Amino acid sequence: MSADPILEPLNTAQRAAVTAPLGPVLVLAGAGSGKTRVLTHRIAWLIRAHDVSPHSILAVTFTNKAAGEMRTRVEGLLGMPPGVLWIGTFHGIAHRLLRRHWREAGLVESFQILDAEDQQRLIKKLLKAEQLDETRWAPREVQWFINSNKDEGRRPRSLKAGNDPTRAQMIRLYTLYEEACARSGLVDFAELLLRSFELWRDQPAILQHYRQRFRHVLVDEFQDTNTIQYAWLKLLVGSESCPFVVGDDDQSVYGWRGARVENLQQFGRDFPAVSLFRLEQNYRSTGAILAAANGLIANNAGRLGKTLWTNGAQGEPIRLYAAFNERDEAEFVCQRIREHLAHGGAHRDAAVLYRSNAQSRVFEEIFLSARMPYRVYGGLRFFERAEIKDALAYLRLIVNRRDDASFERVVNLPTRGIGAKSLDTVRAAARTAGIPLWEATGACLGEALGARASAAMRGFMELIERLAVEVAGLALHEQVDRMLAATGLIEFHRRDNADRGEARVENLEELVSAARGFGGERLETELPPLEAFLAHVTLESGEGQADAWEDCVQMMTLHTAKGLEFPIVFLCGMEDGLFPHQRSIANLDGLEEERRLCYVGMTRAMRQLYLTYAEQRRLHGIDSFSQPSRFIKETPEDLIEEVRPRLQVRRPVAPGRFARATGAEQAAPHRHAEYSSARLRDPPPAPGMRLGARVRHGKFGEGVILTLEGSGPQARVQVNFERQGPKWLVMQYAKLEPL
DNA sequence: ATGATGATATTTTTT
DNA sequence: ATATCATCAT
């Protein structure tokens with residue numbers, strides 16, 4: 001047993017979980033405790049020790065990356081491809097089911113997947129058709145209403161408006177949206193899950209089949225499951241199968257998009273026979289980093305309880321840097337990375353983590369001028385680029401003429417003389433007849449449409465029909481290539497003389513390469529290559545930037561960093577209002593989720609952890625002062641070493657105070673001591689600016705003065721705004737108006 | 001059909 | 001500050 005590659009590399013707790021008796025298992029796995037390892041070794045163990053057929057194992061993850069990693073690692077353990085074993089994301093697996101059982105699920109065979117952007121466009125179209133004001137009915141909110149109801153398993157008919165007219169309208173829009181999707185053969189992300197749940201719920205024979213097949217269901221990141229995902233799992237598992245779920249309540253950071261941490265506790269109630277395991281030994285971080293993270297997360301109530309520990313060294317203290325402003329912050333980080341490089345380190349060892357994407361800008365500027373190579377994660381991905389989506393829309397029309405979203409997108413792209421009026425005619429016809437735009441257009445030709453418009457429309461329809469015929473039987477990349485030529489998309493962008501045109505042509509050419517490289521292996525349901533490709537690109541829209549493996553400083557949001565690790569981590573923008581974010585500060589749940597996010601950030605660090613904040617930060621064009629993040633104060637003080645204590649000289653308060661500061665203050669690392677010592681005895685810096693006075697700000701609206709510091713134009717003032725909460729402002733720039 | 005203008009919002013993101 | 005987006009004018 002000692003040379004056993006499956007059990008030998010595991011510690012006691014991991015081994016206990018992997019070899020747990022066949023039955024429901026819940027593994028609470030702390031950050032860096034070998035979560036994926038337990039999952040993959042469990043799969044290998046089932047196959048080897050229990051002679052379980054890979055055919056009867058289903059492993060579910062949230063991201064394609066995690067699914068891919070799991071597949072590779074299982075393959076490595078078994079020394080062969082796991083073949084029939086199903087490993088995939090919730091959405092990927094739901095999609096697979098719907099392709100197989102499209103008829104029973106009430107879909108059309110060639111249904112296409114709508115991504116978030118497509119969905120919003122469709123909603124906007126609906127609002128316009130309904131002549132609803134977009135300021136009253138924000139598309140984002142309609143979208144949120146629809147998606148969150150789907151995530152909770154609710155169809156429009158099961159919703160009650162009560163006496164709420166707003167809600168009634170929302171429900172109506174949800175209904176209209178569903179009808180539009182059905183007409184067009186479109187399925188959004190949430191629909192994939194809900195629809196496959198309903199498929200099982202309403203088709204006992206099909207459910208029975210999968211229940212019998214998947215005797216072992218493994219789930220990663222269980223704390224991120226939403227209501228419908230959990231219901232789906234429960235339905236599948238029934239009373240016969242063995243669910244093996246792994247999660248960490250302390251890393252639940254997706255509550256805002258429907259994830260239910262409570263599912264962890266619920267699992268215990270739904271499966272009373274559960275075996276519970278805790279993985280608390282951490283293999284990633286130093287003792288100091290773990291102690292800091294543990295100390296911070298201890299401030300959350302209602303945890304399942306878990307304390308990470310390590311056999312390793314205590315390591316270096318957590319470093320705290322109080323920057324003068326956001327540029328100083330970025331320069332400090334840059335400097336520290338340089339030192340790391342000077343000691344022989346690599347760029348990629350360092351990660352800059354922040355709460356919101358906007359923060360990356362300053363770092364980019366500073367890094368650029370310092371010639372520090374970096375890579376920003378997140379942002380637009382390849383298949384989300386406008387020109388790529390245009391091209392895909394053509395391909396989707398070739399596959400499914402009823403796809404209204406795609407029709408609208410490209411009917412006049414490149415421009416072929418089909419104007420808004422003609423389209424309105426067609427839309428009206430489609431709406432009254434309840435048919436797709438494509439059909440409606442056919443009916444309008446020569447009748448409702450004038451001669452010119454008819455000719456243009458006919459040209460468009462013939463183009464699609466001709467392409468569909470021409471392209472049939474060609475290799476996938478030739479299909480794409482032919483389409484690009486025939487539609488004139490390439491030509492269209494080539495004519496765009498602005499330099500973005502060139503980039504777009506390149507991207508379109510890249511799309512052809514992507515098609516050439518598309519294996520289409522997966523998906524047992526033998527989808528035709530083009531349709532498989534289209535599903536693939538919306539479900540796995542690919543990495544943000546191609547050169548992922550160059551030696552660059554890594555920059556990303558805290559959310560994106562979840563699941564990753566780096567030797568050196570900089571947690572930046574540690575300011576109240578930014579992190580925890582202003583919008584989360586008000587309620588306890590929101591604040592606790594932010595705290596977990598901070599915990600996630602800290603536990604990404606292997607050797608060194610830096611916390612930085614800026615005393616003054618320009619955000620949305622205005623400078624404001626903020627307090628250091630409460631998360632800094634919640635981190636045990638003895639673990640923190642201030643890199644450079646604040647120098648009074650750098651603070652633009654009253655001019656008279658400038659003379660004092662000398663380097664001598666370096667020796668006194670008194671944390672935060674001077675923060676709260678506001679000097680309230682100063683005279684009011686401007687007429688009407690007193691404590692408690694009401695003021696108006698151009699951007700923030702009205703508020704009440706809480707604190708005044710300093711005098712003259714350099715004075716700072718803290719105002720509690722009705723809408724945005726408390727803010728520090730510089731009097732000189734704030735242009736406050738007394739009320 | 002294209003570009004200028006002005007209003008508006010600006011946490012986090014996968015699929 | 002800045003990006004996006006709708007509306008309007010050319």
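Chain letters run A, B, ... following the sequence lines, proteins first, then strands; residues in each count from 1. Bear in mind that the values here come from a model prediction, so they are computed numbers and not experimental data. Quick note: numbers below take in every heavy atom, side chains included, and nothing from hydrogens, waters or symmetry partners.
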Choose from B/dT14, C/dA1, B/dT13 the nucleotide whose nearest atom is closest to any side-chain atom of A/Asn357. B/dT13
With rounding to whole Å, what would you report as the distance between C/dC5 and B/dT12 at their P atoms? 16 Å
dist A/Glu329:CD -> A/Met574:CE (nearest 0.5 Å) comes out at 10.5 Å
For B/dT11 versus C/dA6, give the span between their C1' atoms, rounded off to a whole number of Å. 25 Å
From the list B/dT13, B/dT2, B/dT15, which nucleotide is the closest neighbour of the side chain of A/Thr415? B/dT2
What is the separation between atom CD on A/Gln359 and atom C1' on B/dT12, rounded to the nearest whole Å? 11 Å
Taking 5.5 Å and 30° as the limits, would you call A/Trp256 and the base of B/dT12 a stacked pair? yes
Rounded distance (nearest 0.5 Å) linking atom CG of A/Asn400 with atom CG of A/Leu186: 7.0 Å
A/Thr557 has a side chain; which of B/dT13, C/dT2, B/dT14 sits nearest to it? B/dT13
Between C/dT2, B/dT11, B/dT15, which nucleotide has the shortest distance from any of its atoms to the side chain of A/His581? B/dT11
Measure up the A/Phe189 and A/His91 rings against each other and bin them: parallel (under 30°), tilted (30 to 60°), perpendicular (over 60°). perpendicular
Using whole Å, what does the distance between atom P of nucleotide C/dC5 and atom CD of A/Gln120 come to? 8 Å
What integer distance in Å separates A/Trp144:CH2 from B/dT13:P? 18 Å
Is the count of non-hydrogen atoms from other residues, nucleotides or ligands lying under 6.0 Å from A/Glu117 atom CD greater than 12? yes
By nearest atom, which of the nucleotides B/dT15, B/dT13, B/dT11 is closest to the A/Leu539 side chain? B/dT15
Judged by nearest nucleotide, the residue sitting upstream toward the 5' end of DNA chain B, A/Leu597 or A/Arg416, is A/Arg416
How close or far is atom P of B/dT14 from atom CG of A/Asp188, stated in whole angstroms? 17 Å
When you measure from the side chain of A/Thr425 to the backbone of A/Lys421, do you find a donor-acceptor pair of N or O atoms at a distance under 3.5 Å? yes
Mutual orientation of the aromatic rings belonging to A/Tyr254 and A/His559 [parallel < 30°, tilted 30-60°, perpendicular > 60°]: tilted
Which is true for A/Arg361 with a 4.0 Å heavy-atom rule: it touches a base, it touches only sugar-phosphate, or it touches nothing? sugar-phosphate
Rounded interatomic separation in angstrom, taking CZ from A/Arg604 and P from B/dT12: 19 Å
Which label fits A/Phe579 and A/Phe631: parallel for a plane angle under 30°, tilted from 30 to 60°, or perpendicular past 60°? perpendicular
Side chain of A/Ala116 only, heavy atoms from C-beta on: which candidate in B/dT15, B/dT11, B/dT13 is closest? B/dT15
Counting side-chain heavy atoms from C-beta on, which of B/dT13, C/dC5, B/dT15 comes nearest to A/Tyr254? B/dT13
Looking only at side-chain N and O atoms, does A/Thr560 come under 4.0 Å of OP1 or OP2 in B/dT13? yes
Roughly how many Å is it from CG in A/Leu578 to C1' in B/dT10, rounded to a whole number? 12 Å
Between B/dT15 atom P and A/Phe62 atom CZ, what is the distance in whole Å? 11 Å
Across the strands shown, which category fits A/Thr538 at heavy-atom distances under 4.0 angstrom: base, sugar-phosphate, nothing? nothing
Looking only at N and O atoms, is any donor in the side chain of A/Arg583 or the base of B/dT11 less than 3.5 Å from an acceptor on the other one? no
How long is the line joining NE2 of A/His95 and P of B/dT14, in whole Å? 19 Å
Candidates B/dT11, B/dT13, B/dT15 - which lies nearest the side chain of A/Arg257: B/dT13
Could you check whether A/Lys124 gets within reach of a base, just the sugar-phosphate, or nothing at all, counting any heavy atom under 4.0 Å? sugar-phosphate
What's A/Asp115 touching, base or sugar-phosphate or nothing? Going by heavy atoms closer than 4.0 Å. nothing
Using atom P of each nucleotide, how far apart are B/dT13 and C/dT4 to the nearest Å? 16 Å
In terms of side-chain heavy atoms of A/Glu134, which of B/dT12, B/dT15, C/dA6 is nearest? C/dA6
Let me spell it out: for each of A/Phe492 and A/Glu593, pick the nucleotide of DNA chain B with the closest heavy atom. Which residue's pick is nearer the 5' end? A/Phe492
Ignoring backbone atoms, test whether A/Arg140 places a side-chain nitrogen or oxygen under 4.0 Å from the OP1 or OP2 oxygen of B/dT10. yes
